[in-house]
Amino acid sequence: MSDKIKWGVLSTANIGIKHVIPAMQKGTLTEITAIASRDLERAEEAAQKLGIIKAYGNYDELLADDDIDAIYNPLPNHLHVPWTLKAIEAGKHVLCEKPIALNVSEVESLVEYSKKYPDIKVMEAFMYRFHPQWDIVKSWLSVGMIGTINSIQSAFCYFNKNEEDYRNHPEMGGGGLLDVGSYCISSARYIFESEPESILSSVDIDPEFGVDRHVSAVLNFPNGTATLYCSTQSDRYQNMTIYGSEGIIEFEIPFNPLEKEVKVSLIKGEKIIEQKKVQANHYTLQGDAFSEAILENGPVPTPLEDAVANMKVIDKILKAG
């Protein structure tokens with residue numbers, strides 16, 4: 001294996017074309033070698049635009065390419081597990097977009113299947129954790145800068161009534177909770193470093209599309225609470241605030257700042273006592289971190305067990321609501 005991991009991308013999804021692929025192409029350990037679509041012309045167009053040397057007219061052809069070490073899977077949610085399983089069978093490592101599955105049963109089956117291939121690495125792509133603003137916040141928390149964490153509040157919303165978008169089709173894993181709400185859940189678990197013991201929720205289903213369009217929830221952790229709101233039919237917005245006994249931490253753009261300069265603020269007595277500004281691309285850093293795990297044959301930054309735990313919370317929110 002060379003000093004870079006050669007990647008293939010399944011689909012010409014917007015998230016890949018506009019954000020992930022260009023970012024990964026800037027990585028020091030990642031090389032995007034091939035892209036596939038069910039439409040060869042679309043694959044060739046994307047390849048030409050992005051400077052990718054190989055284009056395939058179906059996903060199986062890409063998986064059969066012996067030059068490819070790893071797969072990035074940004075397919076619609078209901079295709080995450082099926083094509084991740086096929087990639088594993090083909091001997092490819094897999095970085096799969098969140099949510100990696102539609103429910104707990106599905107992700108647990110993926111975990112069990114992956115055990116048959118111990119040399120293949122699989123990870124759910126919660127890219128936010130790789131942004132350096134989270135390292136700053138975690139360092140503040142680790143030395144008790146805000147005392148005891150009492151509560152976390154977060155929101156992640158956008159407006160989308162496009163009937164052709166898979167996010168508005170329940171059979172394809174649509175709805176706000178699987179899409180943006182999963183970030184609020186994942187980050188709360190990441191901060192508390194534990195799992196919620198009980199959950200209260202309110203889930204509003206769109207009468208036309210049949211997917212959750214507004215979800216509010218309270219997650220009761222052993223040492224505090226996390227409240228969240230996610231929506232596919234609210235104005236675009238995201239935020240997160242961590243409330244402690246001796247201070248507060250505020251994120252400007254917690255989940256997908258891309259390459260924008262963002263700031264995190266440490267507040268005490270209603271005054272900002274420390275503020276850090278940072279600029280990075282979490283997709284670049286995520287790709288390099290996963291590639292490094294392959295090259296060094298080490299553990300992936302976020303194991304599949306974390307995906308199981310996050311999906312358990314998602315399932316409970318939907319059931320409780």
Checklist entry - Other hydrophobic cluster members with Ile272, side-chain heavy atoms of Ile/Leu/Val/Met/Phe/Trp/Tyr under 4.5 Å, chained? => result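 Direct or chained contacts put Ile272 with Tyr243, Ile248, Ile267.
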
Checklist entry - Can you list the residues that meet the side chain to side chain donor-acceptor pair (under 3.5 Å) rule with Asp67, with sequence neighbours excluded? => result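 Expected list: Lys54.
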
Checklist entry - Looking at Tyr59, does the NZ or CZ of Arg38 lie under 6.0 angstrom from its six-membered ring centre and within 45 degrees of the ring axis? => result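 No; the conditions do not both hold, so Arg38 does not lie above the ring face of Tyr59.
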
Checking the side chain of [X] only, and the main-chain atoms of [Y] only, is there a donor and an acceptor separated by less than 3.5 Å?
X	Y	value
Asn239	Ala155	yes
Gln133	Phe251	no
Asp212	Leu177	yes
His214	Val203	no

Item to check | Among Phe126, Trp7, Phe130, the one residue meeting ring-ring contact (aromatic ring centres under 6.0 Å, His included) with Phe290 | outcome: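 Exactly one candidate clears the test, Trp7.
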
Ion pair check, [X] and [Y], cut-off under 4.0 Å:
X	Y	result
Glu112	Lys115	yes
Glu252	Lys263	yes
Lys276	Glu274	yes
Asp179	Arg167	yes
Asp306	Arg189	yes

Checklist entry - Any side-chain donor-acceptor pair under 3.5 Å between Asn168 and Glu163? => result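 No donor-acceptor contact under 3.5 Å links the two side chains.
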
Checklist entry - Are a donor atom and an acceptor atom from the side chains of Tyr183 and Asn256 found within less than 3.5 Å of each other? => result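 The answer is no; no qualifying pair exists.
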
Item to check | Between Tyr113 and Tyr117, ring centroids under 6.0 Å | outcome: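 Ring centres of Tyr117 and Tyr113 closer than 6.0 Å.
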
Next on the checklist: Check the orientation of His19 and Tyr283. Use parallel for under 30°, tilted for 30 to 60°, and perpendicular for over 60°.
Outcome noted: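 Answer is parallel, since the angle falls under 30°.
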
Exercise: identify the closest heavy-atom pair between [X] and [Y]:
X	Y	value
Asn297	Lys121	OD1-NZ, 3.4 Å
Ile100	Glu124	N-OE2, 2.9 Å
Gly173	Leu178	O-CD1, 3.5 Å

Next on the checklist: Under the rule for salt bridge (Lys or Arg N to Asp or Glu O under 4.0 Å), what residues qualify as partners of Glu246, not counting sequence neighbours?
Outcome noted: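 Applying salt bridge (Lys or Arg N to Asp or Glu O under 4.0 Å) to Glu246 gives none.
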
Checklist entry - Is it true that atom CD of Gln25 has more than 12 heavy atoms of other residues, nucleotides or ligands lying nearer than 6.0 Å? => result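 Correct, the count exceeds 12.
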
